[in-house]
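A short worksheet on the structure shown next.
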There are 2 protein chains.
Amino acid sequence: MAANSRLTIATHALTWLALAHRRGQEVLTSDQVAASVNTNPVIIRRSLGDLRRAGLVEVRHGAGAGWSLARAPEEITLLQVYDAVGGEQPFGLHHTEPNLECPVGRGIRPALTQTYGRVEQAIRRELADTSIADMLRETVTN
Amino acid sequence: MAANSRLTIATHALTWLALAHRRGQEVLTSDQVAASVNTNPVIIRRSLGDLRRAGLVEVRHGAGAGWSLARAPEEITLLQVYDAVGGEQPFGLHHTEPNLECPVGRGIRPALTQTYGRVEQAIRRELADTSIADMLRETVTN
DNA sequence: CTTGCCGTAACATTTTCTGTTACAGATGTG
DNA sequence: CACATCTGTAACAGAAAATGTTACGGCAAG
């Protein structure tokens, strides 16, 4: 399982919900979203469940149930989606604690944490600059 | 296996090589580096092998063998290390091709690729801003 | 009450990383 | 030249995580 596709799945689902709403379709079921993403409905329910807990989508239960956006596409950024699906850091520290008797082993982790933190902030800035409305616009013109 | 620690291992090794050189130690063996990182020497050889192919370190074979930096610590950036160890993208696209009969399924991948490309560039900018000399300085003051 | 769909548990599969052992090859030293 | 030392790499085991899949309880509209 190469890279993490959770942000991709969630963004795809949200973009699809935004387009459906613009076309007058109130809600979409997990089956309908899964048909577009081409995966299992349970994957979609798990992803949309994360987004619901973050307040980005709403769900209706019972017969005629389905999902819809909880706010305008312009007001949902990819950063919010990233946080909602639990984005993981691109770089990890040592799996086992380094040798603390070595000066490098002792000081490298704080130094790396600082650098990796700057990288994470750069990622967040880029993601905060793109909304679901942006994604929808770029998607339908492609 | 949570995140990718390859950049961490490689940076640790390079920082340790830089400090050893400053202390007058010409080369370090993979065993000596492994003792600081607290892992198996083969892991270190694999990592330093990547760095050697990228021209960042040199290796001496035979008896009295070992590794040394191929250039000054100021001239090795974390971006070069990232490329040397084959850094993977933080976000992946769909595992299976989306449904191309859906407008979102058709257009989402180019849109995501564009956004993810901007994120990747932001990461590279940050990594290019930090050198092994920077890491060594931050490490020994911690 | 029936039907349709969500929520979630449980499990199989796949992939990747890390760690480990083993051994061939290279090279300085005596 | 023989030897000791260390690299380069293959082969394999184990662990962890993501994804996909089946199954089933629960909720709500008609």
Side-chain angles (χ1 to χ4, degrees), chain A residues 1-10 12-13 17 25-35 37-54 57-68 70 85-98, chain B residues 1-10 12-13 17 20 25-35 37-54 57-68 70 85-99:
Chain A
M1 243 30 66
N4 213 347
S5 66
R6 269 182 291 181
L7 182 60
T8 292
I9 303 299
H12 186 147
L17 286 180
Q25 185 134 21
E26 277 289 318
V27 299
L28 290 179
T29 68
S30 61
D31 271 283
Q32 292 172 305
V33 177
V37 178
N38 194 19
T39 185
N40 193 287
V42 174
I43 305 292
I44 300 300
R45 284 186 225 142
R46 289 206 272 245
S47 179
L48 288 176
D50 288 337
L51 300 177
R52 177 179 56 74
R53 278 181 281 277
V57 299
E58 287 169 346
V59 64
R60 221 156 62 190
H61 278 238
W67 306 84
S68 56
V85 300
E88 72 172 17
Q89 311 261 334
F91 308 121
L93 293 180
H94 309 69
H95 287 189
T96 64
E97 182 172 74
Chain B
M1 237 40 57
N4 213 343
S5 65
R6 269 182 292 181
L7 182 60
T8 292
I9 303 298
H12 186 147
L17 286 181
Q25 186 134 21
E26 276 290 318
V27 300
L28 289 179
T29 68
S30 62
D31 271 283
Q32 291 172 306
V33 177
V37 178
N38 194 20
T39 185
N40 193 289
V42 174
I43 304 292
I44 301 301
R45 283 186 226 142
R46 288 207 272 244
S47 179
L48 288 176
D50 287 336
L51 300 177
R52 176 178 57 74
R53 278 181 282 276
V57 299
E58 287 170 347
V59 63
R60 220 155 62 189
H61 277 237
W67 305 84
S68 56
V85 299
E88 72 173 16
Q89 311 260 335
F91 308 121
L93 294 180
H94 309 69
H95 287 189
T96 63
E97 184 172 73
N99 182 354

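We name chains A, B, ... by the order of the sequence lines, and we start the count at 1 in each one. Below, all heavy atoms of this structure are taken into account, side chains as well, without hydrogens, waters or symmetry copies.
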Separation of atom CG in A:Asp50 from atom C1' in D:dA18, rounded to whole Å: 13 Å
Separation of atom CZ in A:Arg45 from atom C1' in D:dG25, rounded to whole Å: 12 Å
Residue A:His95, side-chain heavy atoms: nucleotide from C:dC17, C:dT27, D:dT9 that is nearest: C:dC17
Any A:Ser5 side-chain N or O less than 4.0 Å from OP1/OP2 of D:dT19: yes
Neighbour count above 12 (heavy atom, 6.0 Å) for A:Gln25 CD: yes
Closest listed nucleotide, where the reference is the side chain of A:Ala65 and the choices are C:dC6, D:dT19, D:dT9: C:dC6
Interatomic distance, A:Leu48 CG vs C:dC5 P [rounded to whole Å]: 15 Å
Atom pair distance, as rounded to whole Å: CD1 in B:Ile44 and C1' in C:dT18: 12 Å
Whichever of B:Arg52 and A:His61 has its nearest DNA chain D nucleotide further upstream toward 5': B:Arg52
Nearest to side-chain heavy atoms of A:Trp67, which nucleotide of D:dG20, C:dT18, C:dG7: C:dG7
Side-chain N,O (A:Arg6) to OP1/OP2 (D:dA18) below 4.0 Å: yes
Protein-nucleotide distance (B:Leu28, atom CG; D:dT5, atom C1'), rounded to Å: 16 Å
B:Ser5 side-chain N/O to A:Gly92 backbone N/O, donor-acceptor pair under 3.5 Å: no
Distance, rounded to the nearest Å, where A:Ile43 contributes CD1 and C:dC6 contributes P: 14 Å
Given DNA chain D, 5'-ward residue of the pair B:Gly49 and A:Asn40, judged by closest heavy atom: B:Gly49
Touch class at under 4.0 angstrom, heavy-atom based, for B:Arg46 against every strand present: base
Flag, side chain of A:Asn38 to backbone of B:Asn99, donor-acceptor distance under 3.5 Å: no
Value in whole Å for how far the P atom of D:dC27 lies from CD of A:Glu58: 20 Å
Minimum heavy-atom distance between B:Asp31 and B:Pro41, given as atom pair plus value: OD1-CG, 3.5 Å
side-chain N/O B:Thr29 vs D:dC6 OP1/OP2, d < 4.0 Å: no
Length of the CG-C1' vector between A:Leu51 and C:dC6, whole Å: 15 Å
Validation row: A:Trp67, A:Val59 side chains within 4.5 angstrom (heavy atoms): yes
Sugar-phosphate only, base, or nothing, as touched by A:Ala63 at under 4.0 Å among non-hydrogen atoms: base
C:dC5 OP1/OP2 closer than 4.0 Å to side-chain N/O of A:Ser30: no
Minimum-distance nucleotide to A:Thr96 side chain [options: D:dG20, C:dG19, C:dC5]: C:dG19
